[in-house]
Amino acid sequence: MPHALFVCLQDEDKIAIYAMDADTGQLTPRAEVPAAGGPSVLSISPDRRVLYAGHRNVPAISSFRIDQSGGGLRLLGTIAPSHAPTFLAPDRIGAWIYRWL
């Protein structure tokens, strides 16, 4: 997968995707993915195939499949915990996602 940077745009309810040149650090906008509920925290699975997003305005955690060829995102699913997460972290093998309130 090329180098990619994922950025939460909480007030715009989306995640911006940038391609990053590994030699210069230059960022190039690639895409924007809708993420209703104010995405605010991100975490990537250990195998770099899944991006997790915590939402602040509507307590939720979404998972997105990362396209390995270009860094694009496809929504896999969303759950609604009782409180919005302030931090997300997968375990070492990617079987669990930990959240802190």
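These figures come from a predicted structure and were not determined experimentally.
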Discussion item. Heavy-atom count check: over 12 atoms from other residues, nucleotides or ligands less than 6.0 Å from D47 CG?
Written reply: yes
Worksheet item: F87, Y98: one ILVMFWY side-chain cluster at the under-4.5 Å cut-off?
Response: yes
Worksheet item: Are the side chain of D13 and the backbone N or O of G38 linked by a donor-acceptor pair below 3.5 Å?
Response: yes
Worksheet item: Can you tell me how far CD1 of I61 sits from OG of S43, rounded to the nearest 0.5 angstrom?
Response: 10.0 Å
Item to complete: Evaluate the side-chain proximity of V50 to I44: yes if any heavy-atom separation is below 4.5 Å, no if none is.
Response: no
Discussion item. Do L42 and L75 sit in one hydrophobic cluster, given that two such residues count as connected whenever their side-chain heavy atoms are within less than 4.5 Å of each other, even indirectly?
Written reply: yes
Discussion item. Between L76 and F64, is there a side-chain heavy-atom distance shorter than 4.5 Å?
Written reply: no
Worksheet item: Distance from I66 atom CD1 to S45 atom OG, nearest 0.5 Å?
Response: 6.0 Å
Practice prompt. Could you state whether I15 and V41 fall into the same hydrophobic cluster, counting links through intermediate Ile, Leu, Val, Met, Phe, Trp or Tyr residues with side-chain heavy atoms under 4.5 angstrom apart?
Written response: no
Discussion item. Would the distance check show the side chain of E12 and the main-chain N or O of P34 forming a donor-acceptor pair, the cut-off being under 3.5 Å?
Written reply: no
Worksheet item: Atom NE2 of H3 and atom CG of D23: how far apart are they, to the nearest 0.5 Å?
Response: 8.5 Å
Worksheet item: Where do R56 and P85 come nearest, in terms of heavy atoms and distance?
Response: NH1-O, 3.3 Å
Discussion item. Working to the nearest 0.5 angstrom, can you tell me the gap between R74 CZ and R65 CZ?
Written reply: 6.5 Å
Worksheet entry | Closest contact, heavy atoms only, A60 versus P81 | CA-CD, 3.6 Å
Fill in: L9-Y18 co-clustered via ILVMFWY side chain contacts under 4.5 Å
yes
Item to complete: Can you measure from OH (Y52) to CD1 (I79) and round to the nearest 0.5 angstrom?
Response: 10.5 Å
Fill in: Minimum heavy-atom distance P39-C8, with the two atoms named
O-CB, 3.4 Å
Discussion item. With rounding to the nearest 0.5 angstrom, report the CG to CG distance, D67 to L73.
Written reply: 9.0 Å
Worksheet item: Strictly by modelled atom types, are S62 and H55 linked by a side-chain donor-acceptor pair under 3.5 Å?
Response: yes
Discussion item. Is there a continuous path of hydrophobic side-chain contacts, each under 4.5 Å between heavy atoms, that joins M20 to V7?
Written reply: yes
